[in-house]
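Heads up, the thing below is written out as structure tokens.
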Amino acid sequence: MSRFEQGTGNRRLLVVDPCGGCADLFSALGDVWQMSVCGLAEAHLQQFDVGILRLHAHQLSSLESIKRLIADSGSEWIAVVNSETLHDKNARDFIGGWFFDYHTLPLDFFRLKCVLGRAFGMAHLRGHRGRMPSRSHRDRLVGQSPQIESLRKRISKLAVTESTVLVLGESGTGKELIARALHEQSRRNAMPFVAINCGAIPEHLIQSELFGHEKGAFTGAHQRKIGRIEAADDGTLFLDEVGDLPLAMQVNLLRFLQEKTIERVGGSSPIELNVRVIAATHIDLERAVSEGRFREDLYYRLNVMDLETTPLREQKGDIALLAQYFSDYYADEIGRRPKGFSSAAIATMAAHDWPGNVRELANRVRRAQALAEGRQLQPVDLGLESEGALATTCFGSLKDYLGRAERQALEDVMATQTRSMSDAAKALGVSRPTLYRLLHKHRML
């Protein structure tokens, strides 16, 4: 049963004790916090700013309900445990991965109040993140580099046109993300966005996939099938890796682009369609044209407007932002607290050449977020330990140096000044609001 203790403050504290009987243990906090004490089953119904969980040793064999509570709340949690519980490695790993901090019994109320204050500030700077809201594809173009800013502006200009767009760039640089951003910012955004990877479909099935077929058109065609082009009527068709289309299919695609009509396989009546086409490729189409592997007339039909993505190795300043975005995203996917990156990890990522571009970065962070045991991700967690020793000689621009030095100073002071954010700010020679701003900037909250 839930019990509420009215405090004099306006900060709401939820104390969760699955076994009951610990309410008096925290009664001294009532002068600062409005405190509610309840069991685990009722905790999902409470409204609060910071949570305290009395974690008992016998609960370590069944933690799913606690994980769901922490993940769904989107706030900060403090674990309170007996010192003997910390002898269990599973307990240490669980607390390190899911809680803002922990305390052993008997409680040091001065320290507990300081940490609760920090947790309250960080919870509100996070904005009670909870489940990450779905973001538009425009918002997923993460970065502050001149290349990303230029790309955003060009997308905005091209989105409002009806012209065919050709997106060029290396594999893993987010060409489909750009295509979806173009669609979302266009007048067609309420209509279908249909994507097809032209290089992933067997040659004998491509025509049926693109144009559809009538019942009985060939063996196995037991019913009419609507093709991808027809499914995109009034919307946007995205042809990924269009350079891999066989020459025979290039002729059919050219005819559609010229006449805006298709015929299903086995059909005889033209079907008029209103589809905007966005194509993408990682190969040099001009070279493919000169070598006879791609039709010149189709190339010019597709390349009415063009956009070119930038390899990640040329966007060093965006790597840390992208990495933290993926850490937040994949932490939410598996229902746990996102991990930050150590200075060594940031330096190593800046030094890495990223042959797989953003896709490689996303995959490395996803694996690290799931498997890393520490509170911060290290080069070894990202599979870049062999490059860590070289990172100190490959830092990049002066701005990168300053950013890493700023982050290192924050890490050092936060590791030593655990009792007071005011003391931490004083040690750094900045105001308390500036300290919170810097922590927020470096995603350390």
Side-chain angles (χ1 to χ4, degrees), residues 136-138 140-142 148 151 154-155 158-159 161-186 188-189 191-212 225-257 262 273 275-289 293-295 298-312 354-363:
S136 73
H137 291 84
R138 179 181 184 180
R140 294 177 200 171
L141 291 171
V142 177
I148 287 294
L151 181 61
R154 191 161 175 81
I155 288 173
L158 298 187
T161 74
E162 289 294 305
S163 301
T164 302
V165 179
L166 180 61
V167 185
L168 305 168
E170 296 180 10
S171 294
T173 51
K175 294 188 288 294
E176 182 170 348
L177 188 70
I178 290 170
R180 290 183 180 274
L182 285 166
H183 173 72
E184 287 185 354
Q185 296 179 53
S186 74
R188 298 173 180 263
N189 56 15
M191 305 308 292
F193 176 90
V194 179
I196 182 169
N197 188 325
C198 301
I201 302 173
E203 188 171 339
H204 66 283
L205 295 178
I206 289 180
Q207 184 156 348
S208 175
E209 282 294 318
L210 279 176
F211 296 94
K225 176 182 177 179
I226 301 299
R228 301 291 184 90
I229 297 176
E230 192 172 349
D233 193 21
D234 291 327
T236 303
L237 175 70
F238 175 55
L239 299 171
D240 197 10
E241 301 303 347
V242 71
D244 293 336
L245 272 179
L247 282 169
M249 277 305 302
Q250 292 178 29
V251 175
N252 294 339
L253 179 59
L254 176 64
R255 186 180 301 117
F256 161 67
L257 291 173
I262 64 165
L273 298 173
V275 177
R276 184 189 189 182
V277 174
I278 300 172
T281 182
H282 73 282
I283 69 171
D284 184 342
L285 285 185
E286 289 188 356
R287 181 176 178 181
V289 168
R293 294 182 289 112
F294 200 83
R295 292 182 62 97
L298 178 58
Y299 170 68
Y300 287 114
R301 277 284 178 180
L302 292 174
N303 193 22
V304 178
M305 302 282 187
D306 67 351
L307 281 169
E308 188 163 4
T309 61
T310 304
L312 187 57
W354 299 108
N357 291 297
V358 178
R359 184 181 296 126
E360 179 189 352
L361 175 62
N363 290 341

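All residue numbers in this chain count up from 1 along the given sequence. All values reported here derive from a predicted model rather than from experimental measurement.
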(request) State, with a plain yes or no, whether a side-chain heavy atom of Thr164 is found less than 4.5 Å away from one of Arg301. (result) no
(message) Quick check: do Phe294 and Leu302 have side-chain heavy atoms less than 4.5 Å from each other?
(response) yes
(message) Return the OG to CD distance between Ser171 and Glu360, rounded to the nearest 0.5 Å.
(response) 12.5 Å
(message) Can you tell me how the ring of Phe238 sits relative to the ring of Phe193, calling it parallel under 30°, perpendicular over 60° and tilted otherwise?
(response) parallel
(message) Main chain of Met191, side chain of His183: is a donor-acceptor contact present, judged purely on distance under 3.5 Å?
(response) yes
(message) Using a 3.5 Å distance criterion without hydrogens, assess whether the side chain of Ser208 forms a donor-acceptor pair with backbone atoms of Leu205.
(response) no
(request) Under the side chain to side chain contact (heavy atoms under 4.5 Å, CB included) rule, what do Ile178 and Val165 come out as? Steps first, then yes or no, please. (result) CA-CA 11 Å; Ile178 290 170; Val165 179; over 6 Å; no
(message) Quick test of your reading of the model: are Glu162 and Arg276 salt-bridged, counting only N-O distances below 4.0 Å?
(response) no
(message) Between Thr281 and Leu168, is there a side-chain heavy-atom distance shorter than 4.5 Å?
(response) yes
(request) Check each of Asn357, Thr309, Thr310 against Thr173 using the side chain to side chain donor-acceptor pair (under 3.5 Å) test, and report the only one that passes. (result) Thr309
(message) With rounding to the nearest 0.5 angstrom, report the CG to CG distance, Leu239 to Asp244.
(response) 12.0 Å
(request) Could you tell me whether the side chain of Lys175 and the main chain of Gly169 form a donor-acceptor pair under 3.5 Å? (result) yes
(request) With the side chain counted from C-beta on, respond yes when Asn303 and Leu285 share a heavy-atom pair under 4.5 Å apart, and no when they do not. (result) no
(message) Looking at every heavy atom in both Asp233 and Val275, which two are closest together, and how far apart are they?
(response) CA-CG2, 3.8 Å
(message) Rounded at 0.5 Å granularity, tell me how far CD1 in Ile283 sits from CD in Glu170.
(response) 14.0 Å
(message) Going by side chain to side chain contact (heavy atoms under 4.5 Å, CB included), Leu298 matches just one of Val251, Val289, Leu257, Leu247. Which one?
(response) Leu257
(request) Measure the shortest side-chain to side-chain distance between Leu254 and Gln250 over non-hydrogen atoms and say whether it is less than 4.5 angstrom. (result) no
(request) Output the distance between atom CD1 (Ile262) and atom CG (Leu210), rounded to the nearest 0.5 Å. (result) 9.0 Å
(message) Distance check, rounded to the nearest 0.5 Å: Glu184 atom CD versus Leu177 atom CG?
(response) 8.5 Å
(request) Flag the pair Phe256 / Val277 as yes when at least one side-chain heavy-atom distance between them is below 4.5 Å, and no otherwise. (result) yes
(request) Could you pull out the closest heavy-atom pair between Ile278 and Ala179, with the gap in Å? (result) CD1-O, 3.8 Å
(request) Return the minimal non-hydrogen interatomic distance between Ala159 and Leu182, and the atom names on each side. (result) CB-O, 3.6 Å
(request) Could you tell me the separation between the CD1 atom of Ile206 and the CE atom of Met249, rounded to the nearest 0.5 Å? (result) 6.5 Å
(request) Please assess Arg154 against Asp306 for the test salt bridge (Lys or Arg N to Asp or Glu O under 4.0 Å), listing each intermediate value before the final yes or no. (result) CA-CA 9 Å; Arg154 191 161 175 81; Asp306 67 351; 3.2 Å; yes
